[in-house]
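This report concerns only the one structure given below.
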2 protein chains.
Amino acid sequence: MSTPTTRPATLDDVARAAGVSRSTASRVIAGTGFASPAARDRVAAAADRLGYVPNQAARALVRGAGVRLVVAVSGADATVLDDPYVDRVVGAAAQVCAPHGVGVALEWLSLRAPAGLRRLGEDRSVCGVVLVNTTEPVLAAVPTGLRGRVASIGIGSAAVPSFDVDNAAGAGAVLRHLYDSGRRRIAMVTGPRWLSCAGRSVTAYRALMRAADLPVRLVAGDFSAARGGRAALEAVTRWPDTDAIFAASDATALGVISALRGRGIGVPGDVAVAGFDDIPYAAVSTPALTTATHPVRRIATAAATAVLDGRRVPPVTAFPSTLVARESA
Amino acid sequence: MSTPTTRPATLDDVARAAGVSRSTASRVIAGTGFASPAARDRVAAAADRLGYVPNQAARALVRGAGVRLVVAVSGADATVLDDPYVDRVVGAAAQVCAPHGVGVALEWLSLRAPAGLRRLGEDRSVCGVVLVNTTEPVLAAVPTGLRGRVASIGIGSAAVPSFDVDNAAGAGAVLRHLYDSGRRRIAMVTGPRWLSCAGRSVTAYRALMRAADLPVRLVAGDFSAARGGRAALEAVTRWPDTDAIFAASDATALGVISALRGRGIGVPGDVAVAGFDDIPYAAVSTPALTTATHPVRRIATAAATAVLDGRRVPPVTAFPSTLVARESA
DNA sequence: CGCACACCTGAGAGCGCTACCACCACAAGC
DNA sequence: GCTTGTGGTGGTAGCGCTCTCAGGTGTGCG
């Protein structure tokens, strides 16, 4: 028993079966140009009967379109690719791309980057690039060949539309909540220093603290739980009267809570803790985490859609972020 | 200022620049067949100088290879695609595929499935399929055209190699830990009933309970935190003397803890809770979650690699799972 | 009746690449 | 001398599709 494996039908097969030319079949399948209702029906029926599926590779080749959308993540080393945040971006992008016959690839972009980006620009099978964790040097290195086919999640530039949550609004909502519940010695565990978009919530924190004539207490984090825990201990050691900690991410906040607990500090009794992201586990942590929403999926979907469309789309740098008040603050 | 946008170099450009024929250039770039060292050098230099990147679409077309790996997730509806677990699989797959010039697409497979799978088999631009959350009916519907290009994360079949964590070992390790710490009324919150691979840990639970002459107390969950919480309350209501709950996933366990706390039940004081997965947040939950590891990334990497290789690879249905004893049990 | 102007169709070129085959030069063997 | 390699090379046929362009076949109008 060999494998006759009736090879998948091609457009020619469909055309032959429908009794029309390849051109007509193509027009019907692609939905471009004219075709009589009769021809349309016959082709559709034949395609259905033969289980015809267009070959995206061939289509892309002739249209010069590209079959891959690359999610390019900047970072010190390739381990950034294992991040749950990156996974979510890739998942959302893959979902957006699937109906277009486009696949998603995940690549690491060295922080200095230029070479990697240039290669992506030269690669005709790449239909677009979504930048994650971008920095200014990376943005500056975006080749002109990528114009209109690139979007950034985080900071952007004149040539690169960016999509991001309204960091200032989210941070503001959380900090106001902290203030309203009587907290006055509010420390912040930041995101990684080299990441500009993470700086936006820091800026908002600074501004609000100054406006309220409150002390600015910054400790450096990197969005991770482990680092967040260490940063929290650093904060309460340096400023023992700290009564609230605002973490730049929920993972950080969870690490903060865990570390404070280890030190015998009650949350929210002694120190209130709030995060930023509203990850699924925030609702079921102990205590349930107060945070601000960060619609990662929607942002990634918008970015991928923008890249796929190819048209110049307006960036959206302020996806709304709303306070989710729970127990931890 | 128009857009001269010197179009990306093609193999012809490289060949011309190197003073060889397209065939020779192709041989050097693809690394197949003969080529003199001199020619090799000249072509490599020219390719480098021109920033040449092979067009995967063209390559795939002529080789009949496919440019997309599809992660197909079964479930009641398309919302399963938003799951963090799926995101991790897609992220890992995208990382594996990137060097091969292959992109990852994410699709939902209705639980009855056949049509969707047949289409994937007919699609020449699909190089392979990774099944997630597979059920027997879906497995049975895998078309012969997909033979050797499909792998499953979870259950498998004669035609579909499967990759999964050693559910029995993980569950066993957790349950033994519970037993060793004196727990005897151990309830289990299961995964979704329709998912066979989730049944494996249930089977292990049943066997161990029977062997130790302990009562079997099962409540249905679906891996989610919310449902886990409800299931936990159901369990302690039906069996008030329950002193431990084994949840089929960490998300479930977190939901369980949260719900018990809401009911004033102490963890681990009154009821010990253990999960399965060892997600990043397990280490920083309160109390820190006792669980068994589930190397999702490694499993997904193996599955994607198997599909990409195309060769008949031995399935690995028992990725080791080890106990991570923390505070919750 | 003839001409314009729809609408529709098929032939054919070619996207960038690989793979097959024919070819060349040269060395070794009957 | 002729065959038989052997390592290197170029010509060229497509992979499956889209798209332009040159034709058709009708209808409406002067």
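We name chains A, B, ... by the order of the sequence lines, and we start the count at 1 in each one. Here the structure is a predicted model, which is why all the values come from computation and not from measurement.
- Remark: Thr24(A) is in phosphate contact with dG10(C), judged by side-chain N or O atoms under 4.0 Å from OP1 or OP2.
- One can place OH of Tyr52(A) at 7 Å from C1' of dC17(D), the figure rounded to the nearest angstrom.
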Notebook entry, point to check: Can you check side-chain contact (heavy atoms from CB on, under 4.5 Å) on Asn55(B) and Leu61(A), steps first, answer last?
Noted result: CA-CA 8 Å; Asn55(B) 183 333; Leu61(A) 176 59; 4.2 Å; yes
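- A salt bridge links Arg297(B) with Asp87(A): the distance from a Lys NZ or Arg NE/NH1/NH2 to an Asp or Glu carboxylate oxygen falls below 4.0 Å.
- Of the residues listed (Arg7(B), Arg22(B), Arg49(B)), the one engaging Asp13(B) in a salt bridge (Lys or Arg N to Asp or Glu O under 4.0 Å) is Arg7(B), and it is the only one.
- Heavy atoms of Ala39(A) sit under 4.0 angstrom from primed sugar atoms or phosphate atoms, though from no base atom.
- With a 4.5 Å cut-off on side-chain heavy atoms, Glu107(B) and Leu120(B) count as touching.
- Put simply, CZ on Arg63(A) is 22 Å from P on dA13(C), counting in whole angstrom units.
- What separates CG of Leu61(B) from P of dC15(C) is a distance of 13 Å, to the nearest Å.
- Regarding contacts with the backbone of dG10(D), every side-chain N or O of Ser23(B) stays at 4.0 angstrom or more from both OP1 and OP2.
- Within 4.0 Å of Thr10(A), counting heavy atoms only, lie sugar-phosphate atoms of the nucleic acid but no base atom.
- Nearest to the side-chain atoms of Pro37(A) among the listed nucleotides dA11(C), dC8(C), dC17(C) stands dC8(C).
- Leu11(B) has its CG atom 20 Å from the P atom of dG14(D), to the nearest Å.
- Residue-level contact check: Ala35(B) touches the backbone only, with heavy atoms under 4.0 Å from sugar-phosphate atoms and none from bases.
- Within the nucleic acid shown, Ser36(B) comes within 4.0 Å of sugar-phosphate atoms alone, with no base atom in reach, counting heavy atoms only.
- Rounded to a whole Å, the CD atom of Gln56(A) is 10 Å from the P atom of dC17(D).
- A sub-4.0 Å separation between OP1 or OP2 of dC17(C) and a side-chain N or O of Arg22(B) is absent.
- At whole-Å resolution of the value, CZ in Phe34(A) and C1' in dC19(D) are 14 Å apart.
- Here Ser26(B) does not reach the OP1 or OP2 of dC17(C): none of its side-chain N or O atoms lies under 4.0 Å away.
- Atoms CG (Asn55(B)) and C1' (dC15(C)) sit 9 Å apart, rounded to a whole Å.
- Rounded to an integer number of Å, the gap from CZ of Arg59(B) to C1' of dG16(D) is 18 Å.
- Nucleic acid contact class of Arg27(B) (heavy atoms, under 4.0 Å, all strands): base.
- In terms of heavy-atom proximity, Ala57(B) sits nearest to Val67(B) at CA-CG1, 4.4 Å.
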